[in-house]
Amino acid sequence: MPDGEESAAVPPRYALVPDPHGPGGRLQPLAEDGTPAGPPVRADRLADSVAAVEAAEHPRWVWAAADSAYAPLLPLRLARCHDLRLTEALLLGHEGRWGAPRSLGAAWARLRGLPVPADLPESGPTDEQAGLFAPDRLQLAPGTDPLDAVVAVHAEQQRRVAAIADEAARGRFRLLVAAESAGALLAAEMAYDGLPWRSDVHDALLTELLGPRPALPGAQPRRLVELSAELQQALGGRPFNPDSHSQVLKAFADQGVQLASTRSWELRAVDHPAAALMIRYKELSRLHAAHGWAWQGAWARGGRFRPEYVVGGVVSGRWASRGGGALQIPRILRRAVVADPGWLLVVADAAQLEPRVLAALSQDAGLARTAAEGDLYSALAATAFHGDRDKAKLGLLGAMYGQTSGDIGPLLATLRRRYPAAMGYVEAAARTGEDGGVVHSRLGRACPPPSADWLDLTEAADAGEAGGRSARARGRFTRNFVIQASGADWALALLAALRRRLAGMESGADRPHLVFFQHDEVMVHTPADLADRVAAAVTESGEEASRLVFGDTPVRFPLSTAVVECYGDAK
DNA sequence: AGAAAAAGCGCC
DNA sequence: AAAGGGCGCTTTTTCT
């Protein structure tokens, strides 16, 4: 397991249920298969009791969902958990019941043959007071004891995992459950700790690009007002709204410039002085609207940006975020992410993760040899593309994403000849998708089945061009899914391994903590004297993740690591 | 009036 | 440089 590798003994389990209000709650020890190993215990101060059990027994905590059970206990740190809601979603997908409600109440209702409540819409920052931690978010029927439900649903989940017939697949799925649950711990912790954010640096950058902050909250900053005026003048002087696509298209058309859209790559190809102005306006307007002063006031106060992460929010297992756009911070704003005095940032990203995942998944001996190198694309180019790295990259990306357009045909033919196992792997995944089938990540995360609309479109007797297009689109999805989702498996295992290593480090009263995770990139905020140890832990965690997820493979998954004061200096 | 869709661009 | 899959967010436009 990523978070318990060192302990030979299986850790004990404890069900944990906080009271709906107040600091109390209940615990109950459980055996590995979920049967109670002792009576429930009441705790008047749940955080104290949990801390004591954590120190004495290092258990795996079993709870309905981290946001209701773990967030109220922070800053207490727990090593392991089994998150019932995330596990329910993984199991439902694996069992072909994708999309069924996954709350504790829904799982309990299925177990008892009761009507199954639909999942509530995800919470947002606005309903914090409205009861983010309220018990009704568990969707339990009135009168149900939540501890009974946690114990019963957990036992049922353990039974369902044990029922996976193939032993190797079962082991990998257990790893997936543990890693996803570790992600739940980490997401709550990162939201609590926040990413170091220098509002003064952010503010200076905005002022440099947009002009001074407008006195009125809704007002346009000076630079945008100027650009609007210049645009209007360049396009004949008639007023129009540069934020309205249709008005922009019309304004250009009036000058004899026909555009199919206002996309910036299309504008870039236009030979008209207004095009550059329009592109600049869009860039700055977007910065102002999405990451300007209003964003700062809402999300980055008190020296920390506190996003809300959604573990497993993307079907591939990648995380999503809710509010604040944590995973879409513009690169230019990275300079506002600065370590506290006496602290440093360790920033690491997995180099060329997806082609390496393909090499490991397909066990293509030739591709694996290139993926044993530091720069996979150069090695690939040397072997198969006469040293042309661009072509090698182009071809491999096209193969992984199902690209057919452009001059990519010959590149794909070369790849097919040199790396038949790798190309066969993605093409089989595509065929499965086109036929309406389901594919899985390395650890067993399932992709969604085709929708009813899709089936109508593609399986009708007269399924014509639209049906074919739709089938090919799903083929591209499943082709990419096996790689993206297996990459997410690896990244989750990396996180779990790194989190465990960081928990063992301290410098006085301070300790390093993860503060950012974005698909294949992690950031640790650490006391400066621990930075080298943190960097080493990143490397070790990458190796551990590779071994756990892909087993014995010659493929390497190197991380490029930078130790910096400012995120903007990381690469 | 409010919800939903569309367009467009940010990140991987 | 983009293509290709995945998202979130904001604004405008359209629908109910």
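Naming convention: chains lettered A, B, ... in sequence-line order (proteins, then strands); numbering from 1 in each chain.
- When the C1' atom of C/dG6 is taken as reference, atom CD of A/Gln328 falls 11 Å away, rounded to whole Å.
- Rounded to an integer number of Å, the gap from A/Arg322 CZ to C/dC9 P is 9 Å.
- The side-chain hydrogen bond (donor to acceptor under 3.5 Å, both in side chains) analysis of residues 270-280 of chain A, with sequence neighbours excluded, yields the pairs A/Arg280-A/Glu283.
- Sequence order on DNA chain C of the closest nucleotides to A/Ala320 and A/Lys393 puts A/Lys393 first from the 5' end.
- Judged by distance alone, the side chains of A/Asp375 and A/Gln352 do bring a donor and an acceptor atom under 3.5 Å apart.
- From the 5' end on, the contacts that DNA chain B makes with chain A at under 4.0 Å to a non-hydrogen atom open and close at B/dA7 to B/dC12.
- Atoms CG and CG, on A/Asp193 and A/Leu186 in that order, are 9.5 Å from each other to the nearest 0.5 Å.
- The nearest whole Å value for the distance from the CG atom in A/Leu397 to the P atom in C/dG4 is 12 Å.
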Validation: residues 409-417 of chain A side-chain donor-acceptor distances under 3.5 Å, sequence neighbours left out:
residue: A/Thr414; atom: OG1; partner: A/Pro410; partner atom: O; Å: 3.1
residue: A/Arg416; atom: NE; partner: A/Glu427; partner atom: OE2; Å: 3.0
residue: A/Arg416; atom: NH2; partner: A/Glu427; partner atom: OE2; Å: 3.3

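- Listed in residue order, the members of residues 240-260 of chain A having a heavy atom less than 4.0 Å from DNA chain B are A/His245.
- Listed here is the closest heavy atom pair of A/Val314 and A/Trp319: CG2-O, 3.6 Å.
- Rounded to whole Å, atom C1' of C/dG6 lies 14 Å from atom CE of A/Met400.
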Pairs under 3.5 angstrom only: tabulate donor-acceptor contacts from the side chains of residues 194-201 of chain A to other protein residues two or more places apart or in another chain.
residue: A/Trp197; atom: NE1; partner: A/His202; partner atom: ND1; Å: 3.4
residue: A/Arg198; atom: NE; partner: A/Asp200; partner atom: OD1; Å: 2.8
residue: A/Arg198; atom: NE; partner: A/Asp200; partner atom: OD2; Å: 3.3
residue: A/Arg198; atom: NH2; partner: A/Asp200; partner atom: OD2; Å: 3.0
residue: A/Ser199; atom: OG; partner: A/Ala300; partner atom: O; Å: 3.3

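- In this structure, A/Gly402 reaches neither bases nor backbone, as no heavy-atom distance under 4.0 Å exists between it and the strands shown.
- Among the heavy atoms of the strands lying under 4.0 Å from A/Ser321 are primed sugar atoms or P, OP1, OP2 only; no base atom is included.
- Counted within 6.0 Å of CD on A/Gln233, heavy atoms from surrounding residues, nucleotides or ligands total 12 or fewer; the atom is thus considered open.
- The side chain to side chain contact (heavy atoms under 4.5 Å, CB included) search around A/Arg222 returns A/Pro212, A/Glu226, not counting sequence neighbours.
- Among the atoms of the strands shown, only primed sugar atoms or phosphate atoms (P, OP1, OP2) are found under 4.0 Å from some heavy atom of A/Arg334.
- With rounding to whole Å, A/Arg476 atom CZ is found 13 Å from C/dA3 atom P.
- The distance from atom CG of A/Leu394 to atom P of C/dG5 is 15 Å, rounded to the nearest whole Å.
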Dot-bracket summary - DNA chain C, pairs being Watson-Crick or G-U whose distances fall under 3.5 Å, with | when paired to another strand: ....||||||||||||

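- Residue-level contact check: A/Gln518 touches the backbone only, with heavy atoms under 4.0 Å from sugar-phosphate atoms and none from bases.
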Pair A/Leu396-A/Tyr419, side chain to side chain contact (heavy atoms under 4.5 Å, CB included): steps then yes or no: CA-CA 10 Å; A/Leu396 200 47; A/Tyr419 307 106; over 6 Å; no

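- The CG atom of A/Leu224 sits 14 Å away from the C1' atom of C/dT10 (whole-angstrom rounding).
- Residue A/Leu353 is out of contact with every strand shown, counting any heavy-atom pair closer than 4.0 Å.
- Looking at every heavy atom in both residues, A/Gly324 comes nearest to A/Trp295 through O-NE1, 3.0 Å.
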Worked check of side chain to side chain contact (heavy atoms under 4.5 Å, CB included) between A/Phe517 and A/Leu327: CA-CA 8 Å; A/Phe517 169 50; A/Leu327 305 182; over 6 Å; no

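- The side-chain hydrogen bond (donor to acceptor under 3.5 Å, both in side chains) analysis of residues 429-441 of chain A, with sequence neighbours excluded, yields the pairs A/Ser441-A/Asp489.
- Summarising the geometry, the separation between CZ on A/Arg472 and C1' on C/dG5 is reported as 17 Å, rounded to the nearest angstrom.
- Within a heavy-atom distance below 4.0 Å of DNA chain B, the residues of residues 265-291 of chain A found are A/Lys282, A/Arg286.
- Within 4.0 Å of A/Arg318, counting heavy atoms only, lies at least one base atom of the nucleic acid.
- Judged as a ring pair (Phe, Tyr, Trp, His ring centres under 6.0 Å), the pairs with a partner in residues 467-488 of chain A (not counting sequence neighbours) are, in order, A/Phe477-A/Phe481.
- For the side chain to side chain contact (heavy atoms under 4.5 Å, CB included) test, no residue two or more places apart in sequence or in another chain qualifies with A/Ala191.
- Not counting sequence neighbours, the partners of A/Ile332 by the side chain to side chain contact (heavy atoms under 4.5 Å, CB included) test are A/Leu205, A/Leu209, A/Pro330, A/Arg335.
- Contact annotation for A/Gly324: backbone-only contact, meaning every heavy-atom pair under 4.0 Å involves sugar-phosphate atoms and none involves a base.
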